[in-house]
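Just below is one structure, and these are the notes that go with it.
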Amino acid sequence: METLPPLQKCTVDKFSAIVTRTHTLIHSVAILFMLYYRLIINLKEIPISFLPYWFLIFVSELILSFLRTLDSAHIFSPVSRSVYPENLPPDDELPAIDVFVCTADPIKEPALGVMSTVLSAMAIDYPPEKVTVYLSDDGGSVTTLCAVREAWRFGQVWIPFCREFGVKRICPETFFQAADDEINGGKDYLLERDNIQKEYEEFKERLKKAQENGGTKDTGVQFGPNRDTVIEIIGQRGCGAKNNGKAKLSSLVYVSREKNTSHPHHFKAGALNVLLRVSGIISNSPYILMLDCDMHSNDPSSARQAMCFHLDPKISPSLAFVQFPQRFRNISKNDIYDSAMRNCFVVRWPGMDGLIGPMLSGTCFYMKRKALYGTAIHKGMDLSELKKYFGSSNEFLNTVITCINDKQNDTGIKEFADNKIQEARFLASCTYEEESQWGEEIGFLYHSVVEDYFTGFIMHCKGWKSVLYNPSRPAFLGSSTTNLNDTLIQGTRWNSGLAEVLFSRFCPLIYGLKSRMPLLERMCYAYLASQPLFCFPAWFLAIIPQLCLLNGIPIYPKV
């Protein structure tokens, strides 16, 4: 039997594993000596009046010791991965990909940055007829709708330019800001680059005018706090100029779901589930790339890199998603506070990759659509059974059956635009999820505001696996928070969501045990969920030792 060439390779970092395990052992022994001192020796030296303070210090040290023990699981078995995209099947045999881009606030998320992300997704090195880009406008902004139409218009010159000259930096915003465009081109390239830059400046000017005027009057739609669904196939039915024939463009779809103040919208998770349903009857691609609106594609080959894992028969049946690290272009080189989150993407996630896989990190991942449909769904289910899980749309249920049977959708976007627009609007309505399992067992889950962490955790509990791929060239680049207010809001959201999981029936140490998740993976999830607990030892140890020092009360061994 002929052996197929490898698509990917996993290498265990044995030296790192030995060093970190040895360090963990030594550190654990030191912790035990500290607890012995605190309980046996120090307790006898403390005046009775200071026992409450001693107790708070002891509890703080217990919390920190517990968190340190959980954290040690991350570095128990670190691995690294490499891929061989040259061994992938021909383009006509590659599976289709849907790209989800989410935006919610046209003021905090300016149109130029959002459209740059959309254009970079359309320009990835993948058969364009197999890529459909969906923009979720959860803010319901006329400005965003006008901007996406303008992006399609500019994309007709930008994307052919990228493909003709092999542009790596496929985000137009960063391409024209960079001092070096990474291409050694001749006169033809320089001339075309100047022409594209003129088009780009005109594109920016049109976006600026649209933002200043709050959009234009000819959009044909109205937005407000209570609004209907708006779905538009950009470039179809006169929405944009026709392609100039140089290269095919990926399909682009604008989606603004119905909003009503009397119905919960479930924030980002709700928007993603709407995209999951709407995309199901448009393209129904078996794989999904998820991007935040400020996280653009920086390497056009990322899709092929991800497919090296998803198409590998050794790991593909149980593989849910391929996670790429988040990299940021607005971080100082002297990043003393680790705004780039290297502790996650460089240290902890590679260690989890050696277990059953890293956590879902909100953006920069290629997800298998089937994994979002839950493990309770099987090939023998009929429509009546599926309706209990997926809702009442027969059109959508047929696409679910297509997905779980591992078949490709062949309806095409043209047929959708002509025949199914009303069904797509129904799927994006705020009442569709009633009497279904959306957000409970199907799609992105609603139990916590950190929907990425919780959805990934439940997937791992159900037996799915994931991988981390960290290429030398960042696959995606984004923007990190740059002011205290945004950082505090982001931190509050993350920590409140993690606390929701920790103090619920989904506590990783308990729920993971019931689901037979490996112990080390449970410890990794529990460590992240326990992050809010850090505040208590931080408060106690910042105050009480100083009071003890001023009063001459020993709380640490004498040298």
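Every value quoted in this text rests on a predicted model; they were computed, and no experiment measured them.
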Heavy-atom side-chain contact between Y389 and V400 under 4.5 Å:
no

I want to check something: taking the side chain as every heavy atom from C-beta on, are T103 and T117 in contact at a cut-off of under 4.5 Å?
no

Taking all heavy atoms of A306 and all of V322, pick out the closest pair and write down the distance.
O-CG2, 4.0 Å

Got more than 12 heavy atoms from elsewhere within 6.0 Å of CG, D188?
no

Is it true that T455 and E451 share a donor-acceptor pair across their side chains at a distance under 3.5 Å?
no

Heavy-atom check, side chain of F309 versus side chain of R81, under 4.5 Å:
yes

Please lay out, stage by stage, how E150 and R153 fare under the test salt bridge (charged side-chain N to carboxylate O under 4.0 Å, His left out).
CA-CA 5 Å; E150 293 294 342; R153 180 178 168 186; 3.7 Å; yes

Are L291 and H296 close enough that some pair of their side-chain heavy atoms sits under 4.5 Å apart?
no

Distance-only, no hydrogens or angles: does the S448 side chain make a donor-acceptor pair with backbone N or O of G497 under 3.5 Å?
yes

Correct closest heavy-atom pair for W152 and S250 would be CZ3-O, 3.4 Å

Run the numbers on M352 and H460 for side chain to side chain contact (heavy atoms under 4.5 Å, CB included), then give the verdict.
CA-CA 12 Å; M352 293 185 72; H460 282 138; 5.7 Å; no

For the residue pair S361 and F324, establish whether any side-chain heavy-atom pair is separated by less than 4.5 Å.
no

Treating R304 as the side-chain partner and D125 as the backbone partner, does any N or O pair qualify as donor plus acceptor under 3.5 Å?
yes

Kindly say whether the aromatic ring centers of F390 and Y373 come within a distance under 6.0 Å.
yes

Could you check K204 against E201 for salt bridge (charged side-chain N to carboxylate O under 4.0 Å, His left out), going step by step and ending with a plain yes or no?
CA-CA 5 Å; K204 287 201 302 183; E201 294 301 325; 3.7 Å; yes

Please report the closest heavy-atom contact between S283 and D98, naming both atoms and the distance.
OG-OD1, 2.7 Å

Any donor-acceptor pair under 3.5 Å linking the side chain of R425 with the backbone of I231?
no

Can you find a pair of side-chain heavy atoms, one from P286 and one from H310, that are under 4.5 Å apart?
no

Please give me the minimum heavy-atom distance between Y287 and K368, naming the atom from each residue.
CD2-CA, 3.9 Å

Do T363 and Q326 pair up side chain to side chain, a donor and an acceptor below 3.5 Å, judged on atom types alone?
no

Between the side chains of T431 and H263, is a donor N or O closer than 3.5 angstrom to an acceptor N or O?
no

Could you check whether D486 and T481, counting side-chain N and O atoms only, form a donor-acceptor pair closer than 3.5 Å?
no

Side chain to side chain contact (heavy atoms under 4.5 Å, CB included), that's the test. Do S251 and I233 meet it? Break it down for me.
CA-CA 8 Å; S251 301; I233 311 297; 5.8 Å; no

Mind checking whether F365 and D452 have side chains closer than 4.5 Å, heavy atoms only?
no

For residues A320 and M367, report the shortest heavy-atom separation together with the two atoms involved.
O-SD, 3.4 Å

Check: S302/Y366 side-chain N/O donor and acceptor closer than 3.5 Å
yes

Under the salt bridge (charged side-chain N to carboxylate O under 4.0 Å, His left out) criterion, do K259 and D138 qualify, and how do the steps go?
CA-CA 9 Å; K259 284 284 188 74; D138 224 29; 3.8 Å; yes

Show, in sequence, the C-alpha distance, side-chain angles and deciding distance for K108 and D294, and conclude whether the salt bridge (charged side-chain N to carboxylate O under 4.0 Å, His left out) test is met.
CA-CA 11 Å; K108 292 184 178 180; D294 60 352; over 6 Å; no

Do N334 and S332 pair up side chain to side chain, a donor and an acceptor below 3.5 Å, judged on atom types alone?
no

Do N470 and R327 pass the side chain to side chain contact (heavy atoms under 4.5 Å, CB included) test, and can you show the C-alpha distance, the side-chain angles, and the key distance before you say yes or no?
CA-CA 10 Å; N470 189 1; R327 301 282 188 86; 2.7 Å; yes

Does a donor on one side chain sit under 3.5 Å from an acceptor on the other, for S301 and R473?
no

Aromatic contact between F175 and W158, with the criterion being ring centroids under 6.0 Å apart: yes or no?
yes

Taking C-beta and beyond as the side chain, do V274 and Y432 meet within less than 4.5 Å on heavy atoms?
no

Any idea how F154 and Y200 line up, ring-wise: parallel (<30°), tilted (30 to 60°), or perpendicular (>60°)?
tilted

Test side chain to side chain contact (heavy atoms under 4.5 Å, CB included) on V449 and S496 and set out the steps.
CA-CA 8 Å; V449 292; S496 62; 4.1 Å; yes

Considering all heavy atoms of both residues, which atom of P172 and which atom of L119 are nearest to each other, and what is their separation?
CG-CD1, 3.9 Å

